[in-house]
Amino acid sequence: MKRYLTNLTGVLGIILGFTINASAQSPTDELMMPKNEFCLLFNYEYGEFNQYWEGDFLRKNETIATVQRKTAMLMAAYGITEKLDVYAGLPYVSTNSTTPNGGKFAGTFGVQDLSIGLKYKALGNSSDKGDFSLYGSVLFSSPVSNYLSDYQPYSLGLGTPQIAWRGIVHYQLKNGFYGRGAIAYVWKGYTEAERTYYYNDGSYYTPWMDVPSSWNFDLALGKWFFQNALRVELSASNQTSTSGDDIRPYNAPQPTNKVDMTRVGAFAHYYFPKIKGLGVLTYFNQNVAGRNAPKMTSFGVGATYQFGF
């Protein structure tokens with residue numbers, strides 16, 4: 001039987017310019033929920049880095065040692081119709097540095113941004129060789145707690161509303177192999193800092209920081225195994241900011257920075273044939289190139305449960 005769940009993973013906090021990628025049975029993939037059915041996910045992710053790109057120069061963390069980021073996330077998807085899904089997600093994040101150097105800097109913790117999204121299946125075409133489909137989605141997120149967005153790289157998030165418009169194309173062969181591509185424009189608004197002056201290629205006497213928007217590109221190759229009980233996927237993604245400044249030498253990053261990065265990853269999701277609706281997943285991601293971004297390594301585990309009325 002065709003499975004409707006996939007990697008409600010994500011929650012990659014791109015520290016130095018946090019962007020939350022909550023991929024799922026989600027606004028970022030090709031799977032649709034059946035009408036009037038729910039999918040719930042609980043996901044835990046651990047990420048760390050001890051190097052970051054200051055502009056395009058890769059620098060080692062000297063005073064903050066290894067920065068660690070832990071995220072627990074609850075996410076839900078619901079099929080409004082066979083072609084329209086709605087999504088909601090809320091992460092809890094904690095950050096810190098290892099000792100002794102990083103022990104001089106306190107991390108933080110708390111609830112981050114609430115995300116709400118819609119995905120629509122615009123086109124589906126089947127042939128003897130495979131299935132082709134097109135999708136469009138929109139995802140809105142906004143902070144739900146009063147965290148410090150300018151306390152980087154420990155901040156829980158960017159502290160600004162965001163809207164992501166995404167187009168997705170997918171093709172799957174009859175033998176279970178598939179490919180997926182997506183392009184998104186992510187608009188980011190302003191965030192309020194706890195200071196009345198900052199430098200962004202010039203002096204600004206205001207607490208309001210303009211967070212750069214970005215173009216995001218994603219590619220994935222995968223396969224279904226064991227009569228659609230196991231889904232395995234390799235992915236590559238890129239974020240390119242439309243504006244922003246570079247981190248100044250030996251200074252802390254700030255929300256106005258131009259954050260570019262390229263990431264590769266692997267993912268697997270297993271559905272228990274004898275336990276209806278239950279699945280477990282795991283994944284790994286690595287930032288391999290960037291600008292004003294951390295050289296982050298992250299992995300996660302999670303459990304999904306799908307049910308209907």
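Side-chain contact, Gln254 with Arg195: a donor N or O sits under 3.5 Å from an acceptor N or O. Counting only N and O atoms by type, the side chains of Tyr271 and Thr304 include no donor and acceptor under 3.5 Å apart. Side-chain contact check for Asp131 and Asn125: no donor-acceptor pair (N or O, by modelled atom type) lies under 3.5 Å. Using modelled atom types, one finds a donor on one side chain and an acceptor on the other under 3.5 Å when comparing Tyr283 with Asn43. Residues Thr160 and Thr191 have side chains that never bring a donor and an acceptor to within less than 3.5 angstrom of each other. For the residue pair Asn50/Asn61, the side-chain donor-acceptor check at 3.5 Å is not satisfied. A side-chain N or O of Glu37 and one of Gln306 form a donor-acceptor pair less than 3.5 Å apart. With 3.5 Å as the limit, one finds no donor-acceptor pair spanning the side chains of Asp113 and Ser115.
By the rule that hydrophobic residues join a cluster once side-chain heavy atoms approach within less than 4.5 Å of another member, Leu219 and Ile183 end up as members of separate clusters. Under the 4.5 Å side-chain heavy-atom criterion for grouping Ile, Leu, Val, Met, Phe, Trp and Tyr, Phe225 is connected to Leu278 within one hydrophobic cluster. Tracing side-chain contacts under 4.5 Å through hydrophobic residues (I, L, V, M, F, W, Y), one never reaches Leu173 starting from Val232; they form parts of separate clusters. The hydrophobic cluster containing Leu156 does not contain Val111, counting ILVMFWY residues as joined when their side-chain heavy atoms lie under 4.5 angstrom apart, directly or transitively. Ile168 and Leu134 are members of different hydrophobic clusters when ILVMFWY side chains are connected at heavy-atom separations under 4.5 Å.
Side chain of Gln239 to backbone of Trp215: no donor-acceptor contact under 3.5 angstrom is found. Within the 3.5 Å criterion, the main-chain N or O of Gly300 finds a donor-acceptor partner in the side chain of Thr282. At distances below 3.5 Å, not a single donor-acceptor pair connects side-chain atoms of Glu54 with backbone N or O atoms of Ile247. One N or O on the side chain of Tyr147 and one on the backbone of Gly159 form a donor-acceptor pair closer than 3.5 Å. For the pair Thr95 (side chain) and Tyr154 (backbone), a donor-acceptor distance under 3.5 Å is present. Without hydrogens or angle criteria, Thr242 side chain to Ser213 main chain gives a donor-acceptor distance under 3.5 Å.
The number of heavy atoms from other shown groups lying within 6.0 Å of CZ (Phe226) does not exceed 12. More than 12 heavy atoms of other shown residues, nucleotides or ligands fall within 6.0 angstrom of atom CZ in Phe284. With a 6.0 Å radius and a threshold of 12 heavy atoms from other residues, nucleotides or ligands, Lys223 has its NZ atom above the threshold. Enclosure of atom CG in Asn146 is not indicated, since only 12 or fewer non-hydrogen atoms of other residues, nucleotides or ligands lie within 6.0 angstrom.
Using cut-offs of 30° and 60° for the angle between ring planes, the Tyr178 and His170 rings count as tilted. Ring planes of Tyr46 and Phe299: tilted class, angle from 30 to 60°. Taking the six-membered ring for Trp and thresholds of 30 and 60 degrees, Phe267 and His269 have ring planes more than 60 degrees apart, a perpendicular arrangement.
Residue Met33 comes nearest to Ala77 through the heavy atom pair CG-CB, 4.2 Å, listed as atom of the first residue, atom of the second, then distance. Heavy atoms only, all atoms of each residue included: Pro161 and Pro143 are closest at N-CD, 4.3 Å. Considering all non-hydrogen atoms of both residues, Phe272 and Val280 come closest at CE1-CG1, 3.8 Å. Of all non-hydrogen atoms in Phe177 and Asn175, the two that sit nearest each other are N-OD1, 3.1 Å. Contact record, Gly179 with Leu221: CA-CD2, 4.1 Å, taken as the closest heavy-atom pair. Considering all non-hydrogen atoms of both residues, Ser127 and Lys174 come closest at O-CE, 3.2 Å.
By the side chain to side chain contact (heavy atoms under 4.5 Å, CB included) test, Tyr205 is found to be paired with Tyr197, Ser203, residues two or more places apart in sequence or in another chain being considered. Lys129 pairs by the salt bridge (charged side-chain N to carboxylate O under 4.0 Å, His left out) definition with nothing, not counting sequence neighbours.
Under a cutoff of 6.0 Å and an axis angle of 45°, Arg180 and Tyr171 do not form a cation-pi pair. A cation-pi arrangement is present between Arg59 and Tyr250, with the terminal nitrogen or guanidinium carbon under 6.0 Å from the aromatic centre and inside a 45° cone about the axis.
The shortest side-chain heavy-atom distance between Val93 and Arg69 falls under the 4.5 Å cut-off. At a threshold of 4.5 Å between non-hydrogen side-chain atoms, the residues Arg248 and Tyr199 count as touching. Within the 4.5 Å cutoff, the side chain of Thr28 has no heavy atoms near those of the Lys119 side chain. Residues Ser155 and Leu148 have side chains not in contact (no heavy-atom distance under 4.5 Å, counting atoms from C-beta outward). Between Phe140 and Gln162 there is no side-chain heavy-atom pair separated by less than 4.5 Å. Asn257 is listed as a side-chain neighbour of Asp245, based on a closest heavy-atom distance under 4.5 Å. Asp150 has its side chain within reach of Met209: a pair of non-hydrogen atoms, C-beta onward, lies under 4.5 Å apart. Taking 4.5 Å as the limit, some side-chain heavy atom of Leu114 sits within range of a side-chain heavy atom of Ile116.
Salt-bridge check for Asp246 with Lys258: failed, with every basic side-chain N at 4.0 Å or more from each acidic carboxylate O. Between Glu30 and Arg231 a salt bridge is recorded (basic side-chain N to carboxylate O distance below 4.0 Å).
Distance check, rounded to the nearest 0.5 Å: CG of Leu84 to OH of Tyr120 gives 8.0 Å. Here the CH2 atom belonging to Trp53 is positioned 9.5 Å from the CE atom belonging to Met261, to the nearest 0.5 angstrom. A distance of 6.0 Å separates OG of Ser243 from CG of Asp210, quoted to the nearest 0.5 Å. Within the model, atoms CD of Gln68 and CZ of Phe49 stand 11.0 Å from one another, a figure rounded to the nearest 0.5 Å. Atom CD1 in Ile64 sits 12.5 Å away from atom NZ in Lys60 (nearest 0.5 Å). Going from atom CG of Asp56 over to atom CG of Asn292 covers 8.5 Å, rounded to the nearest 0.5 Å.
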Assess whether side chain to side chain contact (heavy atoms under 4.5 Å, CB included) is satisfied between Arg263 and Asn238, documenting all intermediate values.
CA-CA 6 Å; Arg263 183 185 68 181; Asn238 175 267; over 6 Å; no
I would like to know whether Leu123 and Tyr135 meet side chain to side chain contact (heavy atoms under 4.5 Å, CB included); could you show each step before the answer?
CA-CA 7 Å; Leu123 177 65; Tyr135 306 82; over 6 Å; no
Stepwise side chain to side chain contact (heavy atoms under 4.5 Å, CB included) check, Ser149 with Leu158:
CA-CA 5 Å; Ser149 61; Leu158 283 170; 5.6 Å; no
Apply side chain to side chain contact (heavy atoms under 4.5 Å, CB included) to residues Thr256 and Tyr198 and explain how you reach the verdict.
CA-CA 10 Å; Thr256 63; Tyr198 65 91; 3.9 Å; yes
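For the side-chain contact (heavy atoms from CB on, under 4.5 Å) with Asp260, the lone residue among Ser241, Pro212, Ser214 that qualifies is Ser241.
Remark: aromatic rings of Trp208 and Tyr190 are distant, center separation not under 6.0 Å.
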